[in-house]
Amino acid sequence: MRLRKEPGIQVKSPEQIARMYAAGQLVARTVSVLREAVQPGVTTAELDAIAEREIRAAGAVPSFLGYFGYPASICTSVNQQVVHGIPSAGQVLRAGDVISIDCGAILDGWHGDSALSVGVGEIDPADQAMLDACAASMWAGIAQAAPGHRLSDISHAVEQSVRASGDYGLIREYTGHGIGSEMHMDPVVRNYGPPGQGPRLRAGMALAIEPMITRGARHVAELDDGWTVITTDGSRAAHFEHTVAITAEGPWVLTAREEEKARETDHPQRVRLALHDPTVSVADGGHDAG
């Protein structure tokens, strides 16, 4: 989502990127715990309690809790819910459901933000194909997060990947974003559009890249709670997100999960991005008007 405008694209120092990595790894660990906790019979409120416990135990603060009045530590979006679903004791996961979990944390003043979608028990193969397509599009976008590329090269790569995967709805109203000392910063990172447009990417920038797709049409609506976004046709949705630092050597995925690295061994490019050396040199701190 995009809630406010920042004055420019924040460029971090190497030390600041290292602190973002620490925040990102906390988020990665929390999401891993949540993924294991997703089972039939579990409520989304229970998942929220787990997330808050994990984040606070590490000396961090949930990014989402209280953000513009949001009442929980994570977003839990089930089935036709696309993003910003509010955890509830009344929402019990059932076998065959699909849930998207979005998690953010602030550690020492720096943010990490990540999301993934998983099935509850055994799911429809068509739902699994949607999850795989959404994840693949995120990685396609991440691969373009390199110095000298334009911002819309990421957007175009995401869209092309989704289109190549099947007849999915690609959400336009909700986007990725810059991230660093605040959760939502410039630039807006769209998931569609032509390549070669927008600001040129520089080492030291950090982006949250997060495609959202549906098994039906792309149109969405917000519920009366002021947060939960659903598909208007009732089709199921998927959402994946990683926080990525742009470095001289290419993208460094700050929120990569250990099990994700292992699972992607048949995709060397994805593993390389996830395992980027945290000692890389990036630009001096400051702001770039782009």
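Residue indices begin at 1 and follow the sequence shown.
- The environment of CZ in Arg94 is sparse: at most 12 heavy-atom neighbours from other residues, nucleotides or ligands sit within 6.0 Å.
- A side-chain N or O of Gln10 and one of Ser181 form a donor-acceptor pair less than 3.5 Å apart.
- Met212 and Val220 fall within a single hydrophobic cluster, where Ile, Leu, Val, Met, Phe, Trp and Tyr are joined by side-chain heavy atoms under 4.5 Å apart, directly or via other members.
- Both Val78 and Leu116 belong to a single network of hydrophobic side chains, linked directly or stepwise wherever heavy atoms of I, L, V, M, F, W or Y lie under 4.5 Å apart.
- Linking Ile, Leu, Val, Met, Phe, Trp and Tyr whenever their side-chain heavy atoms come within less than 4.5 Å puts Val31 and Val118 in one cluster.
- Here Gln91 pairs with Thr44 under the side-chain hydrogen bond (donor to acceptor under 3.5 Å, both in side chains) rule; sequence neighbours left out.
- Side-chain contact between Leu207 and His177: absent, with no pair of heavy atoms (C-beta onward) separated by less than 4.5 Å.
- In this structure a side-chain-to-backbone donor-acceptor pair under 3.5 Å is missing from Ser165 to Ala133.
- Put simply, the side chain of Pro147 does not reach to within 4.5 Å of the side chain of Leu201, judged on heavy atoms.
- A pairwise comparison of heavy atoms in Pro211 and Cys134 identifies O-SG, 3.4 Å as the closest pair.
- Listed here is the closest heavy atom pair of Leu131 and Gly119: CD1-N, 4.0 Å.
- What you find for Gly96 and Arg236 is that their closest heavy atoms are O-NH1, 2.6 Å.
- In this structure the side chain of Leu254 never reaches within 4.5 angstrom of the side chain of Val244, judged on heavy atoms.
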Problem set entry | Ile99 vs Thr76, side chain to side chain contact (heavy atoms under 4.5 Å, CB included): CA-CA, chis, key distance, verdict | CA-CA 7 Å; Ile99 180 172; Thr76 53; 4.1 Å; yes

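- In this structure, a donor-acceptor pair under 3.5 Å is absent between the side chains of Tyr174 and His84.
- Within the model, atoms CG of Leu26 and CD1 of Ile106 stand 11.0 Å from one another, a figure rounded to the nearest 0.5 Å.
- Inspection of the Glu210 and His239 side chains reveals an N or O donor paired with an N or O acceptor under 3.5 Å.
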Exercise. Can you list the steps and then say if Leu93 with Thr43 is a side chain to side chain contact (heavy atoms under 4.5 Å, CB included)?
Worked result: CA-CA 6 Å; Leu93 298 180; Thr43 70; over 6 Å; no

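- In the hydrophobic clustering of this structure, Ile86 groups with Met183; members are Ile, Leu, Val, Met, Phe, Trp, Tyr whose side-chain heavy atoms approach within less than 4.5 Å, directly or through other members.
- In summary, the side chains of Asp113 and His242 do not present any donor paired with an acceptor at a separation below 3.5 Å, with no hydrogens or angles considered.
- Between the side chain of Glu52 and the backbone N or O of Ala49 there is no donor-acceptor pair closer than 3.5 Å.
- Using modelled atom types and a 3.5 Å distance limit, the side chains of Ser100 and Ser117 yield a donor-acceptor pair.
- One finds a salt bridge joining Arg218 and Glu173 here, because a Lys/Arg side-chain nitrogen approaches an Asp/Glu carboxylate oxygen to under 4.0 Å.
- Of the possible polar contacts, one joining the Thr231 side chain to the Ser235 backbone as a donor-acceptor pair under 3.5 Å is found.
- Clustering ILVMFWY residues whenever any of their side-chain heavy atoms sit less than 4.5 angstrom apart, transitively, puts Leu34 in a cluster other than the one holding Val92.
- Remark: Arg172 CZ to His219 NE2 distance equals 10.0 Å, nearest 0.5 Å.
- In this structure, Asp48 contributes its side chain and Pro87 its backbone to no donor-acceptor pair below 3.5 Å.
- Checked by atom type and distance alone, the side chain of Ser114 never pairs as donor or acceptor with a backbone atom of Val27 at under 3.5 Å.
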Exercise. Yes or no on side chain to side chain contact (heavy atoms under 4.5 Å, CB included) for Asp102 and Val83, after CA distance, side-chain angles and deciding distance?
Worked result: CA-CA 8 Å; Asp102 195 349; Val83 286; 5.6 Å; no

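- Looking only at distances, no side-chain donor or acceptor of Asn79 sits under 3.5 Å from a matching main-chain atom of Asp97.
- Counting only heavy atoms from C-beta outward, the side chains of Ile209 and Ile142 approach each other to under 4.5 Å.
- The shortest heavy-atom contact between Gly112 and Ser63 is O-OG, 4.3 Å.
- In this structure, Arg215 fails the cation-pi test against Tyr168, since its NZ or CZ atom is not both closer than 6.0 Å to the six-membered ring centre and inside 45 degrees of the ring normal.
- Not one N or O on the side chain of Arg200 forms a donor-acceptor pair closer than 3.5 Å with the backbone of Arg150.
- At least one donor-acceptor pair under 3.5 Å links the side chain of Glu159 to the backbone N or O of Gly193.
- Here the closest non-hydrogen pair linking Gly69 and Trp227 is C-CZ2, 4.2 Å.
- Contact annotation: the side chain of Ser77 never approaches that of Val82 to less than 4.5 Å [non-hydrogen atoms, C-beta and beyond].
- When all heavy atoms of Met20 and Ala206 are compared, the closest pair comes out as CE-CB, 3.8 Å.
- Rounding to the nearest 0.5 angstrom, the gap separating the CZ atom in Phe68 from the NE2 atom in His184 is 9.0 Å.
- Here the CD-CG distance, from Gln144 to Leu151, works out to 11.5 Å after rounding to the nearest 0.5 Å.
- For Trp110 and Tyr21, the distance between ring centers is not under 6.0 angstrom.
- When side chains are defined from C-beta on, Val120 does not count as touching Val42, because their heavy atoms never get closer than 4.5 Å.
- Comment: Asp108 does not engage Arg19 in a salt bridge, judged by the lack of any side-chain N to carboxylate O separation of less than 4.0 angstrom.
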For this session: I would like to know whether Val189 and Thr175 meet side chain to side chain contact (heavy atoms under 4.5 Å, CB included); could you show each step before the answer?
Result: CA-CA 6 Å; Val189 185; Thr175 69; 5.6 Å; no

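- Using a 4.5 Å heavy-atom threshold, the side chains of Ile246 and Trp252 count as separate.
- Interatomic distance, Asp124 CG to Met130 CE, rounded to the nearest 0.5 Å: 9.0 Å.
- Judged by distance alone, with hydrogens and angles left aside, the side-chain atoms of Ser161 form no donor-acceptor pair with the main-chain N or O of Ala157 at under 3.5 Å.
- Between the CG atom of Leu170 and the CD1 atom of Ile213 there is a distance of 8.0 Å, given to the nearest 0.5 Å.
- At distances below 3.5 Å, at least one donor-acceptor pair connects side-chain atoms of Asp233 with backbone N or O atoms of Ala217.
- A side chain to side chain contact (heavy atoms under 4.5 Å, CB included) with Thr30 holds for exactly one of Ile55, Ile74, Thr255, Ile101; it is Ile55.
- For the pair Thr228 and Glu222, the minimum side-chain heavy-atom distance is 4.5 Å or more.
- A side-chain donor-acceptor contact under 3.5 Å links Asp132 and Gln128.
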